[in-house]
Amino acid sequence: MAELTFYGATEGVTGSAYLIETARATVLLECGLMQGSREEERLNRKPFPFNISEIDAVVLSHAHLDHSGRLPKLVADGYNGRVYMTQATNELLEIMLKDAAFLAQRDAQWENKRRRRAGKGETDPLYTMQDAEAALSLCEGLPYGHRQSVADGIEICFRDAGHILGSAIVELLIIDGGAKRKLVFSGDLGNSYAALLRDPEIVEEADVLLLESTYGDRDHRAMDETLEEFASIIAEASENGGNILIPAFAIGRTQEIIFRLGELYQMGKLQHQAAFLDSPMAIAATEVYHRYQKVFNREDSAALRRARSGSLHSFLPVLRYSRTTEESMALNRIQAGAIIIAGSGMCNGGRIRHHLKHNLWRRSAHVIIVGFQPVGTPGRALVDGARTFRIGGEEIAVKARIHTLGGFSAHAGQSQLLSWVEGFRKNRPKIYLIHGEPEAKSTLRKRLSQQGWQANVPDYGTSITI
Ligand SMILES: [Zn+2]
Ligand SMILES: [Zn+2]
């Protein structure tokens with residue numbers, strides 16, 4: 001018998017955290033950052049709602065910050081046990097957490113300048129580079145399919161979730177004498193249309209299933225339609241001479257978009273002179289992807305085989321990396337003909353903001369949104385048709401064309417979620433829907449119950465028995 005308490009991703013898609021407690025051990029599954037509006041992000045500073053000294057192990061499903069980004073704070077607050085994840089997640093996490101710590105320190109510096117001018121006391125960063133490094137020193141990467149004991153009476157096994165490189169579905173076995181209970185956490189499940197990753201692995205058995213529901217209320221368009229639309233936006237932009245901005249998460253979407261641009265280039269459909277990857281973190285992640293490509297690529301695409309047989313440069317010769325701030329700023333002088341991929345994917349920070357400032361007001365410019373935009377983020381405002389966009393105290397008119405290409409999503413659509421759940425053939429787990437906005441969860445719950453599944457939508461702080 002074990003108890004699981006929902007400490008995150010119950011109201012929306014960020015801040016994942018689930019605490020599993022038995023008489024003998026306590027395991028924290030996920031330690032995610034809350035992302036969205038400033039008020040929401042401020043919640044990351046609050047103390048954790050559980051006793052850190054009781055935690056025996058932490059388990060992470062993948063490297064995205066909404067699943068991992070509060071780990072340095074957990075360590076700064078006293079956690080010093082092991083943190084388990086897949087091997088590729090371990091490599092990507094190093095890039096993610098160091099970047100997050102860098103940004104947290106820089107934000108605190110800026111905030112403190114403001115505070116000093118206002119005669120207020122200083123604030124500390126959410127965490128420091130030392131905290132991130134201490135957290136990384138506790139991390140241990142495991143291969144997929146390997147069963148590992150993580151605490152007294154608790155074993156885990158990672159299955160491929162096909163969402164980003166290294167992403168995992170977590171199987172968690174609770175062993176008490178002769179009795180065994182099994183929790184399956186879907187993590188973020190991949191979109192089976194994605195080019196670079198495998199489909200989420202089928203799991204056949206669980207007593208309790210925590211299921212993500214980001215796209216619980218809709219399906220993505222078929223990939224061939226998405227690619228056609230992508231090609232036509234690119235053709236239109238090259239005719240009317242505008243730049244194309246693609247806000248993208250550094251890990252996952254960026255590599256998928258680069259691959260798709262390469263496909264278009266190979267087909268002679270990419271007239272643009274240059275595509276810039278304007279993010280040191282995305283460049284580093286792209287290099288990790290390249291290193292792991294034999295492990296995670298599908299075998300079935302001719303373009304993929306071409307991409308693998310040579311360098312990325314021969315696959316997409318117009319791709320340029322801009323690493324330094326100066327290189328990034330230089331892109332502001334380009335008024336037409338460039339494709340710029342930069343973070344953050346939700347437009348709430350990062351280099352994409354200065355590109356938006358220099359392009360959003362131009363009628364010829366295009367912005368292509370390729371990732372999920374949580375409520376409250378500037379990216380969501382653009383998708384919802386905002387007329388103006390505030391950057392650094394300046395109101396920028398939105399005249400550019402805003403396109404949303406859901407088909408490039410890293411998440412399974414509704415039908416894909418339902419068919420993955422059908423894989424539980426050996427017994428019917430009790431399902432708890434997490435990681436979705438209210439509408440997505442209630443729609444998915446209805447669809448699941450029509451098909452005979454018992455699905456619940458837990459509130460923050462609710463405990464269940466496994
Ligand atoms: Zn994710
Ligand atoms: Zn997520």
Side-chain angles (χ1 to χ4, degrees), residues 6-18 28-36 40-41 44 59-71 85-86 88-93 95-97 99-100 158-170 185-194 196-201 210-216 220 247-257 281-282 285 288-289 296 343-346 348 369-377 379-380 406 408-413 416-417 420 432-437 440-441 444:
F6 295 90
Y7 283 123
T10 47
E11 317 295 319
V13 299
T14 72
S16 285
Y18 314 100
L28 179 64
L29 178 59
E30 310 282 70
C31 193
L33 205 63
M34 278 156 272
Q35 295 172 308
E40 270 169 289
E41 300 203 343
N44 289 311
V59 179
L60 303 180
S61 68
H62 65 289
H64 277 153
L65 289 179
D66 59 316
H67 298 258
S68 67
R70 256 182 128 196
L71 186 67
M85 64 204 72
T86 67
T89 296
N90 198 358
E91 285 201 42
L92 291 174
L93 197 65
I95 299 169
M96 294 295 270
L97 293 186
D99 184 73
F158 292 122
R159 304 285 176 193
D160 195 344
H163 164 66
I164 60 166
L165 178 63
S167 65
I169 298 160
V170 182
F185 169 52
S186 71
D188 285 359
L189 285 181
N191 176 356
S192 45
Y193 297 139
L196 296 179
L197 301 165
R198 298 202 176 94
D199 288 353
E201 248 180 272
L210 305 190
L211 179 64
E212 73 118 318
S213 48
T214 316
Y215 285 92
H220 302 309
F249 299 98
I251 297 181
R253 285 322 69 210
T254 291
Q255 291 73 31
E256 182 81 16
I257 294 298
M281 177 162 65
V288 177
Y289 261 70
F296 70 87
S344 80
M346 301 182 294
N348 54 350
I369 303 280
V370 293
F372 186 78
Q373 304 297 317
V375 174
T377 59
R380 177 65 162 261
F408 284 136
S409 168
H411 288 270
Q416 296 170 342
L417 288 171
W420 184 74
Y432 293 87
L433 299 179
I434 36 98
H435 201 288
E437 283 170 3
K441 283 188 287 198
L444 185 62

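All ligand and atom numbering here is 1-based and tracks the order in the structure.
- Side chain of Thr377 to main chain of Gly36: no donor-acceptor pair is present (N/O by atom type, distance under 3.5 Å, no hydrogens or angles).
- Classified by interplanar angle (parallel below 30°, tilted 30° to 60°, perpendicular above 60°), the ring pair Tyr18/Phe6 is perpendicular.
- At a cut-off of 2.8 Å, His64 is not counted among the residues with an N, O or S atom near the Zn ion (ligand 2).
- The atom name of the N/O/S atom in Asp66 closest to the Zn ion (ligand 2) is OD2.
- Among the backbone and side-chain atoms of His67, an N, O or S atom lies under 2.8 Å from the Zn ion (ligand 2).
- Nearest N/O/S atom of His62 relative to the Zn ion (ligand 1): this is NE2.
- Proximity of a side-chain donor or acceptor of Thr86 to a complementary backbone N or O of Gly166 within less than 3.5 Å is detected.
- Between the Zn ion (ligand 2) and Glu212 there is no N/O/S contact shorter than 2.8 Å.
- Not a single donor-acceptor pair under 3.5 Å links the side chain of Glu437 to the backbone N or O of Pro374.
- Nearest N/O/S atom of Asp188 relative to the Zn ion (ligand 1): this is OD2.
- Two rings, from His67 and His163, have their centers 6.0 Å or more apart.
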